[in-house]
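Notes to accompany the following structure.
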2 protein chains.
Amino acid sequence: MTLSEEDYIKAIYHLGKGENTTVSTNAVAEQMDTKPSSVTDMVKKLSEKGLANYKPYKGVSLTEYGQKTALSIVRKHRLWEVFLVEKLDFSWDEVHEVAEQLEHIKSEKLVDRLDRHLGFPQVDPHGDPIPSKSGTFKKAIKKLLKEVPVGANGICVGVKDSSPPFLKFLDKNKIALGDSILVLEKEEFDGSLRIRIKGNEVHISDQIASNLYLKITE
Amino acid sequence: MTLSEEDYIKAIYHLGKGENTTVSTNAVAEQMDTKPSSVTDMVKKLSEKGLANYKPYKGVSLTEYGQKTALSIVRKHRLWEVFLVEKLDFSWDEVHEVAEQLEHIKSEKLVDRLDRHLGFPQVDPHGDPIPSKSGTFKKAIKKLLKEVPVGANGICVGVKDSSPPFLKFLDKNKIALGDSILVLEKEEFDGSLRIRIKGNEVHISDQIASNLYLKITE
DNA sequence: ACAAATTTTTAGCTTTGTCTAAAATTAAAT
DNA sequence: ATTTAATTTTAGACAAAGCTAAAAATTTGT
């Protein structure tokens with residue numbers, strides 16, 4: 001499997017949002033920053049190799065085998081992202097480019113050992129789940145902190161209100177994108193929350209909880 | 001710089017044994033497991049790019065720039081080898097293939113952080129020195145343990161006598177290839193040594209010391 | 001339903017890195 | 001020193017992956 005083939009498999013996988021959806025040639029071309037004619041050539045090849053289902057003019061989807069391949073690449077990508085953040089102190093927003101390269105390294109032993117070295121992490125620094133060796137994983141969804149049930153934990157991935165005062169508030173309370181948050185308790189009366197973040201327990205008002213997105217895996 | 005170019009640079013570097021020696025087209029072809037005609041094509045390209053000096057029929061050598069490039073690749077290769085052995089518990093003889101892939105990952109930050117994560121190691125698991133970021137390093141030489149001066153340390157890289165009794169002896173005394181050995185004291189009288197290996201102090205007879213190769217950096 | 005717009009494919013060309021076979025150069029041998 | 005042997009280069013071809021421009025199929029608008 002060439003590097004380029006792997007990139008196409010991944011693109012088709014991501015465009016199909018993990019479901020086995022048929023995606024258009026144009027969509028793949030845009031995602032890959034290449035031309036539709038190049039995509040046609042490549043999906044023909046993937047199809048011949050049994051990785052994709054392709055009908056001219058009808059788009060492309062992954063076969064079972066293609067799906068497995070995609071999951072293996074995603075697994076590697078996300079494990080390397082964890083490595084970069086946890087072991088090499090990269091920040092969560094600078095790991096993607098490097099992981100994009102590392103995901104192509106071919107060594108099953110390396111991946112297994114890396115997984116173990118990292119303590120078998122369930123999610124990457126962006127809150128996205130890491131497929132198991134056999135390719136299973138829980139889907140992640142993005143929710144307002146307010147909607148996250150007590151006991152669940154997730155990773156802070158975005159804000160609804162991006163006004164300076166709100167961002168400043170987050171900064172002051174040391175809440176940053178990429179932080180892992182565990183919901184400890186919900187106060188029925190005013191909708192405020194008690195959460196654990198970076199080892200500290202913090203109180204969060206309903207208003208804040210309504211403007212912070214977490215990614216959680218169910 | 002493409003992957004293939006990097007491989008050629010590295011081959012020329014290694015054939016020249018780190019010295020800036022001119023090497024033959026045939027030698028490069030053999031090392032790279034490719035054909036001489038392919039080598040000719042590539043060294044022309046490297047020459048145009050300022051990485052190599054090439055005169056038809058006269059062989060090829062690296063320019064200053066080519067040398068720096070080679071050292072940067074060697075540095076990455078050896079740091080990854082240390083990582084695989086120290087952090088992922090690979091054995092010293094199975095790291096080469098994987099490091100061969102990892103050495104091509106492009107990210108200066110990654111290499112620097114990896115170096116730090118590993119505690120700025122001086123040698124790889126085979127006892128070969130790791131070039132610094134600026135490309136300097138001490139040469140390694142292979143010596144019989146017997147010849148290693150007191151106070152020096154090196155890595156066990158081979159045996160002179162490979163008879164079963166000798167190998168069995170090493171095994172029993174938990175001396176294995178890849179082990180780091182520090183020479184603590186030399187007994188003038190019988191030529192026996194006191195060494196430190198894997199945290200333990202061990203006594204080694206002259207006969208053993210005459211049949212064990214260490215790689216040391218001076 | 002049919003013309004227009006959009007999407008997708010085909011055909012042909014380019015680059016990179018490789019190969020084979022033949023020609024050219026250098027080295028070796030008598 | 002001249003022939004033979006070995007090495008190296010050139011010329012021409014090929015596969016992978018991409019591109020452009022033109023043709024074909026599909027979708028859309030009325």
Side-chain angles (χ1 to χ4, degrees), chain A residues 1-16 21-63 65-66 69-70 73 100-101 103-106, chain B residues 1-16 21-63 65-66 69-70 73 100-101 103-106:
Chain A
M1 175 102 68
T2 71
L3 211 133
S4 202
E5 285 168 357
E6 290 193 352
D7 284 339
Y8 274 95
I9 293 281
K10 211 180 42 149
I12 296 167
Y13 176 82
H14 280 131
L15 285 169
T21 313
T22 294
V23 299
S24 78
T25 303
N26 255 12
V28 176
E30 194 166 322
Q31 168 90 5
M32 302 268 310
D33 201 27
T34 184
K35 302 291 168 187
S37 55
S38 306
V39 175
T40 302
D41 286 348
M42 182 55 92
V43 297
K44 274 183 188 165
K45 190 165 63 150
L46 293 178
S47 186
E48 273 163 24
K49 289 198 174 189
L51 287 154
N53 305 114
Y54 166 63
K55 290 266 148 104
Y57 296 104
K58 298 298 179 192
V60 63
S61 63
L62 295 178
T63 62
Y65 173 36
T69 304
I73 300 168
E100 204 74 1
Q101 297 180 62
E103 73 190 2
H104 295 295
I105 303 292
K106 281 165 190 45
Chain B
M1 176 103 69
T2 71
L3 210 133
S4 202
E5 284 168 357
E6 290 193 352
D7 285 339
Y8 275 94
I9 294 282
K10 211 179 40 149
I12 296 166
Y13 176 83
H14 281 132
L15 286 169
T21 315
T22 293
V23 298
S24 79
T25 302
N26 255 12
V28 176
E30 194 165 323
Q31 168 91 5
M32 303 266 311
D33 200 27
T34 184
K35 301 292 168 187
S37 55
S38 306
V39 175
T40 302
D41 287 348
M42 182 55 92
V43 297
K44 274 183 188 165
K45 188 163 68 147
L46 293 178
S47 187
E48 275 164 21
K49 288 198 174 190
L51 288 154
N53 305 115
Y54 167 65
K55 290 269 145 119
Y57 296 102
K58 298 299 179 192
V60 63
S61 63
L62 295 177
T63 61
Y65 174 36
T69 304
I73 300 167
E100 203 75 1
Q101 298 180 61
E103 74 190 4
H104 295 294
I105 302 292
K106 279 164 192 45

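Naming: A, B, ... by sequence-line order, numbering from 1 per chain.
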Kindly say if [X] contacts the phosphate of [N], meaning a side-chain N or O under 4.0 Å from OP1 or OP2.
{"X": "Ser24(A)", "N": "dT7(C)", "answer": "no"}
{"X": "Ser38(A)", "N": "dG18(D)", "answer": "no"}
{"X": "Lys35(B)", "N": "dT9(D)", "answer": "no"}
{"X": "Ser4(B)", "N": "dT18(C)", "answer": "yes"}

Is any side-chain heavy atom of Tyr8(B) closer than 4.5 Å to a side-chain heavy atom of Val60(B)?
->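 No - every pair of side-chain heavy atoms lies 4.5 Å or more apart.
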
Does the side chain of Val43(B) come within less than 4.5 Å of Thr25(B)'s, by heavy atoms?
->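 No; the side chains remain at least 4.5 Å from each other.
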
Please round to the nearest 0.5 Å and tell me the distance separating atom NZ of Lys10(A) and atom CD1 of Ile73(A).
->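 Nearest 0.5 Å value for the NZ-CD1 distance: 7.5 Å.
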
Met32(B) CE to His14(B) NE2 distance, which is reported to the nearest 0.5 Å |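 If I round to the nearest 0.5 Å, the distance is 12.5 Å.
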
[X] [atom1] to [N] [atom2]: how many Å, rounded?
{"X": "Leu46(B)", "N": "dT16(C)", "atom1": "CG", "atom2": "P", "result": "13 Å"}
{"X": "Lys44(A)", "N": "dT8(C)", "atom1": "NZ", "atom2": "P", "result": "14 Å"}
{"X": "Asp41(B)", "N": "dG12(D)", "atom1": "CG", "atom2": "C1'", "result": "12 Å"}
{"X": "Tyr8(A)", "N": "dA16(D)", "atom1": "OH", "atom2": "C1'", "result": "11 Å"}
{"X": "Met42(B)", "N": "dT8(D)", "atom1": "CE", "atom2": "C1'", "result": "17 Å"}
{"X": "Asn26(A)", "N": "dA5(C)", "atom1": "CG", "atom2": "P", "result": "18 Å"}
{"X": "Met32(B)", "N": "dT18(C)", "atom1": "CE", "atom2": "C1'", "result": "11 Å"}

Between Thr34(A) and Thr25(B), which has a closest nucleotide on DNA chain D that is more 5'?
->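 Taking each residue's closest nucleotide, the earlier one in sequence belongs to Thr25(B).
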
Starting at the 5' end of DNA chain D and moving along, which residue's nearest nucleotide shows up first, Leu3(A) or Ala27(B)?
->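 So the residue in question is Ala27(B).
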
Listed in order of residue number, which residues of residues 54-62 of chain A have a non-hydrogen atom at under 4.0 Å from DNA chain C?
->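 Residues of residues 54-62 of chain A that come under 4.0 Å of DNA chain C are, in numerical order, Tyr54(A), Pro56(A), Tyr57(A).
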
Under 3.5 Å, is there an N or O donor on one side and an acceptor on the other linking the side chain of Ser37(A) and the base of dT20(D)?
->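 Indeed there is one.
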
Got more than 12 heavy atoms from elsewhere within 6.0 Å of CD, Glu30(B)?
->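 At most 12 heavy atoms, drawn from other residues, nucleotides or ligands, come within 6.0 Å of this atom.
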
Could I get the full list of salt bridge (Lys or Arg N to Asp or Glu O under 4.0 Å) partners for Lys35(B), not counting sequence neighbours?
->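 Applying salt bridge (Lys or Arg N to Asp or Glu O under 4.0 Å) to Lys35(B) gives none.
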
Which pairs of donor and acceptor atoms, one on a side chain in residues 48-57 of chain A, lie under 3.5 Å apart (sequence neighbours left out)?
from     : atom 1 : to       : atom 2 : distance (Å)
Lys49(A) : NZ     : Glu5(A)  : OE1    : 3.3
Lys49(A) : NZ     : Glu5(A)  : OE2    : 2.9
Asn53(A) : OD1    : Ser61(A) : OG     : 3.4

